[in-house]
Amino acid sequence: MLRYCIKSFDDLTTKELYAILQLRIEIFVVEQNCPFQDLDGQDFEALHIFSINTSRCMAYARLSQTDAREALISRVMISQENRGKGLAYELMTLSVEQAKKWFPQNQIKIAAQKHLQPFYKKCGFEYNGHDFYEDGILHCTMYYIS
């Protein structure tokens with residue numbers, strides 16, 4: 001089990017922010033070969049759930065509220081060297097707990113990459129029948145039901 005921090009944007013140190021952005025670019029831009037604008041302006045109002053060991057971010061998720069008053073868990077990732085250890089499930093469990101705490105009246109939503117739909121189903125999310133492409137990658141909308 002990793003030790004997680006949960007911080008607002010203003011509470012992040014510059015070293016934490018650097019480590020987080022480094023992992024986001026490493027996974028979403030380089031590994032997935034998907035050049036896109038990761039810095040989308042949503043980080044300022046979001047909660048950042050992360051684990052950093054020394055200067056390396058090992059796990060990260062972003063929690064925010066949508067205009068439709070939904071709790072949105074996004075940018076979920078585990079560093080490549082830490083995959084296959086159950087950390088993604090651990091991170092999603094913590095993210096759902098925090099969504100319930102910070103946005104208790106809201107439905108919890110994710111826009112999952114379609115190939116990860118079975119994983120998110122194990123985390124308590126249900127597919128709502130809506131598929132879409134985001135940055136050239138097939139995604140699906142899912143809502144927490146447990």
According to the interplanar angle, ranging from 0 to 90°, do the rings of Phe132 and His139 count as parallel (below 30°), tilted (30 to 60°) or perpendicular (above 60°)?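 Parallel.
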Cluster check [X], [Y]: I/L/V/M/F/W/Y, side chain < 4.5 angstrom:
{"X": "Met77", "Y": "Tyr120", "answer": "no"}
{"X": "Phe28", "Y": "Met58", "answer": "no"}
{"X": "Ile6", "Y": "Phe103", "answer": "yes"}
{"X": "Leu2", "Y": "Leu47", "answer": "yes"}
{"X": "Leu63", "Y": "Ile52", "answer": "no"}

So, using salt bridge (Lys or Arg N to Asp or Glu O under 4.0 Å) as the criterion, who are the partners of Lys114 when residues are at least two apart?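 Scan of Lys114 (salt bridge (Lys or Arg N to Asp or Glu O under 4.0 Å), adjacent residues dropped) gives Asp131.
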Do the side chain of Ser51 and the main chain of Tyr4 share a donor and acceptor less than 3.5 angstrom apart?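 It does not hold such a pair.
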Is a side-chain donor or acceptor of Arg69 paired with a backbone partner of Asn106 at a separation under 3.5 angstrom?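 Flag not set: sc Arg69 to bb Asn106 has no pair under 3.5 Å.
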Measuring from atom [atom1] of [X] to atom [atom2] of [Y], what distance do you get when rounded to the nearest 0.5 angstrom?
{"X": "Glu90", "Y": "Ser95", "atom1": "CD", "atom2": "OG", "result": "10.5 Å"}
{"X": "Arg62", "Y": "Phe9", "atom1": "CZ", "atom2": "CZ", "result": "11.0 Å"}
{"X": "Cys123", "Y": "Ile73", "atom1": "SG", "atom2": "CD1", "result": "9.0 Å"}
{"X": "Met142", "Y": "Ile108", "atom1": "CE", "atom2": "CD1", "result": "13.0 Å"}

Other residues, nucleotides and ligands only: do more than 12 of their heavy atoms fall within 6.0 Å of CD on Glu45?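 No.
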Flag yes if more than 12 heavy atoms outside Tyr18 fall under 6.0 Å of its OH atom; otherwise flag no.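 For Tyr18, atom OH is not crowded (no more than 12 foreign heavy atoms under 6.0 Å).
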Quick one, Ile110 and Tyr144 - any side-chain contact, counting heavy atoms below 4.5 Å?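 Answer no - side chains too far apart.
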Heavy-atom side-chain proximity of Phe50 to Lys7 below 4.5 angstrom: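 In short, these two side chains touch, coming nearer than 4.5 Å.
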side-chain contact (heavy atoms from CB on, under 4.5 Å), that's the test. Do Leu91 and Leu87 meet it? Break it down for me. CA-CA 6 Å; Leu91 176 60; Leu87 299 178; over 6 Å; no
Which residue pairs pass the side-chain hydrogen bond (donor to acceptor under 3.5 Å, both in side chains) test with at least one member in residues 19-29, sequence neighbours excluded?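 Of all non-adjacent pairs touching residues 19-29, those that pass side-chain hydrogen bond (donor to acceptor under 3.5 Å, both in side chains) are Arg24-Asp38, Arg24-Asp43, Arg24-Tyr60, Glu26-Arg56.
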What is the minimum heavy-atom distance between Pro118 and His115, and which atoms define it?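 Heavy atoms of Pro118 and His115 come nearest at CD-O, 3.7 Å.
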